[in-house]
Amino acid sequence: MKKLIFLLFIIFGTFSANAQEKKLVKTTPKTIVYGSDECHHCIDTKAFLTKNNISFEFFDIDKNPEALKEMLLKLKNAKISTQSLGIPVVDKNGVIYMNNGVFEEFLQKIK
């Protein structure tokens, strides 16, 4: 019986320690840019993010059909119309931004 209690104590103590460790791990904010290597606004967006030390991952939707599908799904889920689709589209920590207005305002939103 004492061995069983000791074993349970060890198991639950390990789970508790692991749970505490997970709380201490910080997640890095993630920025994803969907665009085209031939789009000047996409090029400028990547330069802007780099200049402002914002790490990002870029997907060329012209060359990567899976990235295009992913982008369109994110726009749909965010209830953003794709009828006047403008790129780049930026997913910043789950918030979706599309370049469809004044470009400088778009850049300030993704900063």
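Predicted model only: the values in this text are computed from it and were never measured.
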Gap separating the [atom1] atom of [X] from the [atom2] atom of [Y], nearest 0.5 angstrom:
{"X": "Asp91", "Y": "Tyr97", "atom1": "CG", "atom2": "OH", "answer": "9.5 Å"}
{"X": "Leu73", "Y": "Leu68", "atom1": "CG", "atom2": "CG", "answer": "11.0 Å"}
{"X": "Ile80", "Y": "Leu72", "atom1": "CD1", "atom2": "CG", "answer": "11.5 Å"}
{"X": "Phe106", "Y": "Phe48", "atom1": "CZ", "atom2": "CZ", "answer": "9.5 Å"}
{"X": "Tyr34", "Y": "Asn64", "atom1": "OH", "atom2": "CG", "answer": "9.5 Å"}
{"X": "Lys92", "Y": "Leu49", "atom1": "NZ", "atom2": "CG", "answer": "8.0 Å"}

Shortest non-hydrogen contact from [X] toward [Y]:
{"X": "Ala78", "Y": "Ile96", "answer": "CB-CG1, 4.0 Å"}
{"X": "Gly35", "Y": "Cys42", "answer": "CA-SG, 3.6 Å"}
{"X": "Thr31", "Y": "Ser55", "answer": "CB-O, 3.6 Å"}
{"X": "Thr82", "Y": "Leu75", "answer": "CG2-CD1, 3.8 Å"}

Side-chain donor or acceptor of Asp62 paired with backbone N/O of Ser36 under 3.5 Å | no
Output yes when a side-chain donor or acceptor of Lys109 lies under 3.5 Å from a complementary backbone atom of Met98, and no otherwise.
-> no
[Y] reachable from [X] in the ILVMFWY side-chain graph, under 4.5 Å edges:
{"X": "Phe58", "Y": "Ile32", "result": "no"}
{"X": "Leu85", "Y": "Phe59", "result": "yes"}
{"X": "Val33", "Y": "Ile43", "result": "no"}

Lys/Arg N to Asp/Glu carboxylate O, Lys46 vs Asp37, below 4.0 Å = yes
Criterion salt bridge (charged side-chain N to carboxylate O under 4.0 Å, His left out) on Lys74 and Glu70, from CA distance to verdict | CA-CA 6 Å; Lys74 287 181 181 184; Glu70 182 178 284; 3.8 Å; yes
Taking the side chain as C-beta and beyond, is there a heavy-atom pair between Ile87 and Asn99 under 4.5 Å?
-> no
Exactly one of His41, Gln108, His40 clears side chain to side chain contact (heavy atoms under 4.5 Å, CB included) with Phe103, and that residue is His41
